[in-house]
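A short write-up of the structure that comes next.
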Amino acid sequence: MSFSVFIDGCLVIGILTLACLCLATKHLFTAIVLFVSLGLMVAIAWVRLGAPDLAIAEAAIGAGLTGALLLATWRQLSTEPANNDADTANKSGDENVPHP
Amino acid sequence: MSQDLLYIIASIGLFGIGLYGLIVAPHIIRKILAINIMSIGVFMLLVASASTVNGTPDPVLHAMVLTGIVVAIAGTALALFLAGKIHTLGQASDKDGH
Amino acid sequence: MFHTPNLKEHDHANELSVITRILCAIAIGTLSLSLIIMLIVTDNPSSVLPALVQQQLTQSGVQNPVTAVLLNFRSYDTLLEIGVLLIVAVAMLPNSNFISNINSDMPGNNPSSGRLVSVVTNAQVNPTLEAVLRWLVPMIVVMAGYMLWTGAALPGGAFQSGALLAGAGVLVQLSGRLQFCFTSTIAKLLATIGLIAFMVVAVGVAPTTGVILQYPTELAGPLILLIEIAATLSIATILLLLYNSLATQIPEMSPKPLASNKQPSASNKQPPAQE
Amino acid sequence: MDSVLNVDILLPMLVGLPLTAAILTTLVKGQGLRASISIAVALMQLIIVVALLSWLSNGGTSLDTQNQRYSLGGWGAPLGIDLTIDGFSALMLALTAALTLVLTVYSRYYFFEPRSQIDKTARFWPLWWLLIVGINGLFLSSDIFNIYVTLEIIGLAAVALVALDGSRAALTAALRYLLVGLLGSLCYLLAVALLYRTYGTLDLAQLSVLAEPTAITWAALALITTGLLLKTALVPLHFWLPLAHGSAPAPVSAILSALVVKTSFYLLARFWLDALAPASTDYGLIMLGILGAAAIFWGSIKALQATRLKLMVAYSTVAQLGYLFLLFPLVLSTEDTRDAGLTGPAVSAIAYFIVAHACAKAAMFLVAGNIMRTFGHDEIARLHGLAKYMPLSLFTFAIAGASLIGLPPSAGFISKWLLLNVAIDTGQWWWVIVILSGGLMAAMYVFRILNIAFINDDEKAQTEPEQKPINTLPKVMALCAFLLAMLTIVLGFDAELILDLVTIGDVV
């Protein structure tokens, strides 16, 4: 009995810290990556709570597809819109992420 | 019994963290992340109260959470789409209050 | 919350002052704590519904209780649910037809006129992703088919297999080899097939059983499977459409091609690969 | 076999019909075809509602409550989902059907651009009909999770419609509206979770039997109230409404102000007075009343300062919504109506007010749309001398304004008269002051527009060039607005039509 409470305890602490980190990090890309890993941790939590259907759905939709949509929009938001000069158009997301 | 206690605390905690993030975070993607975290919190409360039934967990709640997950991604996709279109429309970011 | 959300990454335009943040934190903290205490104190009487579901499971035509609830007992919810997906699909639809006539005049890309899937000729293909996908996509499709079929007895069903198919579609689009155009009539038909099948079955069974959405018990299993297949197709198409209209919103007319390889985005299982 | 043909099959048809219309208009190509399908479906919907009302009114009282419930899938209340109809929801459905017909005809001409490259109607009609599915589904549903799904449908469809014309202001307003909508729905879903944990049922009727004033029920009611106040845009939480309704296309802002905002008020009334009545405290009811009064004053002041006509009409929506929330304190002290659910003098007064406001507000937004279409702008300052070019639209605006203020011949007057009666009968005289001053302020901002539009004072005429209409307005669009305004006058004379509608279908 105490072992399963230990597992659940770690899972819950993991989920809560991931949520806090996800909203507190400086860079958006890291926030999105943290959110996707939060989605996978929650999928494990659904399995622990006896809901395998939801685990599959959460992993596939909540973590996978939402993560893909967020990254697609993030990449688009970080590239300047094409209407100003063309040379900034190819300043893709990678450069401006490392330096704050 | 104490397993559900843990998950109830986690669910309301997630709801609170998401609500705080939604109010405080200025950037649109962080607001969308905050709303998703809040919905994960509500779903966790639903699933936690499903498993208190001795033996088989309550399938009605699981069906509700499944519907909720799909509604959450629909809302997120629309919000991201609007943010993207505002961005492509150009720089005139009008700082209007309410 | 009250200002328009800003879009620049490091734009601290209307950042709330520290005092209001702390006040918000305290207020939300006390509210959540009181809610937690309320939840812990009240012991909740177990609801009568799970026993009812178990009872009626035999007549619902499927063994998996969640699928029984989703597609038989509360099928009206799932019907409206697919309606929600259709709303977002329609809201994002025209954006792709705007893009498609841009691509059509791009040299090299054959005009993706009416066809849902068209091969991109001079695409910058990501060789590693291409090799992995040669194995991965067929496996995902088989997995989705299996997930759909076992939905009746084991955990699985329309939403999960639809999401898997959409994940496979996202990977294929990321590899750059194929290009989807969602304004073709076949795409619109695929997006609405789930709702159409659901409505046809819902109204079709009414004359025999007297009530809309009530399946005759012996036909319940096959009817649910029919609805699930149609729902899987439309969920996969709509979710892929969502990704497509967000990912291809960057007008490709920028002269220099984008970063050499497309950033491998999250495949649907493991978190996104490294930068 | 015969049981499928009896009358209560009309209830699911009210949701199925718009859904088929949405599917058809998505698949069909060609603006004309989509418009004709839509007009046909709008007519069918009106016929269904009229048939439903006639069945309810003559068979209403004798039937037991069982016949006004339609359990989808035949599983019965706790397991399956039921559709129910009572007097209040029947009135709201009738209002929806009537407004949908008029606005569908208006939209047919408003969005008709044969030459344009991006065809807006391909997006407009499916979203329009999915919004109607959500509204009808919400008024019919008696299952709290089903209400969450319909709330979500209405929220997303409304946001997609506001963002339809793609200008930057519309998109930002739509994004804020979406965030507020999602937050409201999540608060509501959390309340559904709490209610299901404590009472084990999702059905409204069973909930009203089981509910007792415990801490959890009060917390659930508080969450539902905050969630739905966000969606109804009551004053402290109204920041998203003026921009969203102001920058949406005319028929969209008409249905948003006239109906969508009222769906969440309807839910609030349903939960506070019917489902969770035992948990509703007197202080809560008075609080809602005070917020309503604040909304009346704040909305009217902002409407006076508005520079654009659509923004002014949107702020007047914020003000008129305050009147709706006077229902809660007025129901408070008449003890007998407290547990009678959604019946009683206060409820019928508010129901009358909802109908009057819906028609008047929709007419005003259509007039604003017409002015925008003919003059290309709707700044109030540059509207002087307008009456020469658009006499019918200005006349419609005047009649709608009269109904908003509550001048005698209009339905607005009757609703305010009924409200005043209830306020005086229950001895809460301070609400009388609020109602009357609200009418006075409404008069100020309506006459301000009429004054500028009709009286083309000379010194202003010389300084600014004469306003020339830039394109002609199809006759039908002006007639649609005029029809809605005439509706308020007709309802003004025939008060019995609405009043007995609210009371039918209730088994006393």
Side-chain angles (χ1 to χ4, degrees), chain C residues 1-5 31 34-35 37-39 41-42 44-49 52-53 55-56 60 69 72-77 79-81 83-84 86-94 97-98 101 183 185 188-189 191-192 195-196 198-199 202-203 206-215, chain D residues 1-4 9 12 15-16 19-20 22-23 26-27 29 70-75 78-81 83 118-120 122-123 126-127 130-131 133-134 137 143 145-146 149-150 152-153 156-157 159-161 163 172 175-176 179 183 190 194 196-202 214-216 219 239:
Chain C
M1 184 65 190
F2 297 99
H3 302 282
T4 43
L31 283 176
S34 55
L35 201 54
I37 293 161
M38 252 189 255
L39 280 169
V41 161
T42 57
N44 43 25
S46 65
S47 135
V48 71
L49 274 182
L52 219 56
V53 170
Q55 236 175 4
Q56 308 279 4
S60 71
V69 170
N72 198 339
F73 302 141
R74 297 180 66 91
S75 47
Y76 179 56
D77 267 348
L79 178 71
L80 293 182
E81 180 50 44
V84 167
L86 186 64
I87 291 176
V88 184
V90 167
M92 299 163 98
L93 192 61
N97 72 15
F98 171 72
N101 39 36
T183 55
T185 47
K188 283 189 187 159
L189 195 64
T192 51
L195 260 179
I196 294 171
F198 221 127
M199 295 287 289
V203 177
T208 52
T209 56
V211 179
I212 287 196
L213 275 175
Q214 180 176 8
Y215 318 123
Chain D
M1 181 58 200
D2 61 330
S3 67
V4 80
I9 190 110
V15 177
L19 203 54
T20 39
I23 296 170
T26 323
L27 294 175
K29 278 211 179 343
Y70 189 93
S71 46
L72 285 161
W75 296 106
L79 190 57
I81 301 168
L83 298 179
I118 301 247
D119 170 10
K120 273 202 197 121
R123 241 180 354 166
L127 291 173
L130 285 165
L131 180 67
V133 164
D143 179 282
F145 184 72
N146 192 258
V149 180
T150 45
E152 201 66 33
I153 287 181
L156 290 179
V159 163
L161 282 169
T172 352
L175 187 56
R176 257 170 42 172
L179 291 180
L183 178 61
L190 189 58
L194 293 181
Y196 186 77
R197 266 180 75 88
T198 35
Y199 296 111
T201 173
L202 287 171
T214 62
I216 283 275
F239 52 89

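Every chain is numbered from 1, with letters handed out A, B, ... down the list of sequences. Quick caveat, the model's predicted, so the values are computed rather than measured.
Per-residue counts of heavy-atom pairs under 4.5 Å with chain D were compared for C:Val53, C:Val41, C:Val88, C:Asn72; the largest is that of C:Asn72.
Looking at D:Leu161, neither its backbone nor its side chain comes within 4.5 Å of chain C, counting heavy atoms on both sides. Heavy-atom distances place the side chain of D:Leu202, and not its backbone, under 4.5 Å from chain C. Only the side chain of D:Leu130 comes within contact range of chain C, with heavy atoms under 4.5 Å apart. For chain C, no part of D:Val159 is nearby; none of its heavy atoms comes within less than 4.5 Å. With a 4.5 Å cut-off on non-hydrogen atoms, C:Met199 touches chain D through its side chain but not through its backbone. For D:Pro12, the part lying near chain C is the side chain, with the backbone staying farther off; criterion is any non-hydrogen pair under 4.5 Å.
Here the side chains of D:Ile216 and C:Leu39 are in contact, with some heavy-atom distance below 4.5 Å. Residues C:Leu49 and D:Thr201 fail the side-chain proximity criterion, which asks for heavy atoms closer than 4.5 Å. Counting heavy atoms from C-beta on, the side chains of D:Leu27 and C:Thr185 never come closer than 4.5 Å. Residues C:Leu79 and D:Val15 form no side-chain contact, since every pair of their non-hydrogen atoms from C-beta on lies 4.5 Å or further apart.
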>> Quick one, D:Leu190 with C:Leu35, criterion side-chain contact (heavy atoms from CB on, under 4.5 Å). Give me CA distance, side-chain angles, the key distance, then yes/no.
In response: CA-CA 11 Å; D:Leu190 189 58; C:Leu35 201 54; 4.0 Å; yes
> Yes or no on side-chain contact (heavy atoms from CB on, under 4.5 Å) for D:Leu127 and C:Ile87, after CA distance, side-chain angles and deciding distance?
Replying inline: CA-CA 6 Å; D:Leu127 291 173; C:Ile87 291 176; 3.8 Å; yes
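For C:Ser34, there are no side chain to side chain contact (heavy atoms under 4.5 Å, CB included) partners at least two apart in sequence or on another chain. Residues satisfying the ring-ring contact (aromatic ring centres under 6.0 Å, His included) test with C:Tyr76, not counting sequence neighbours, are none.
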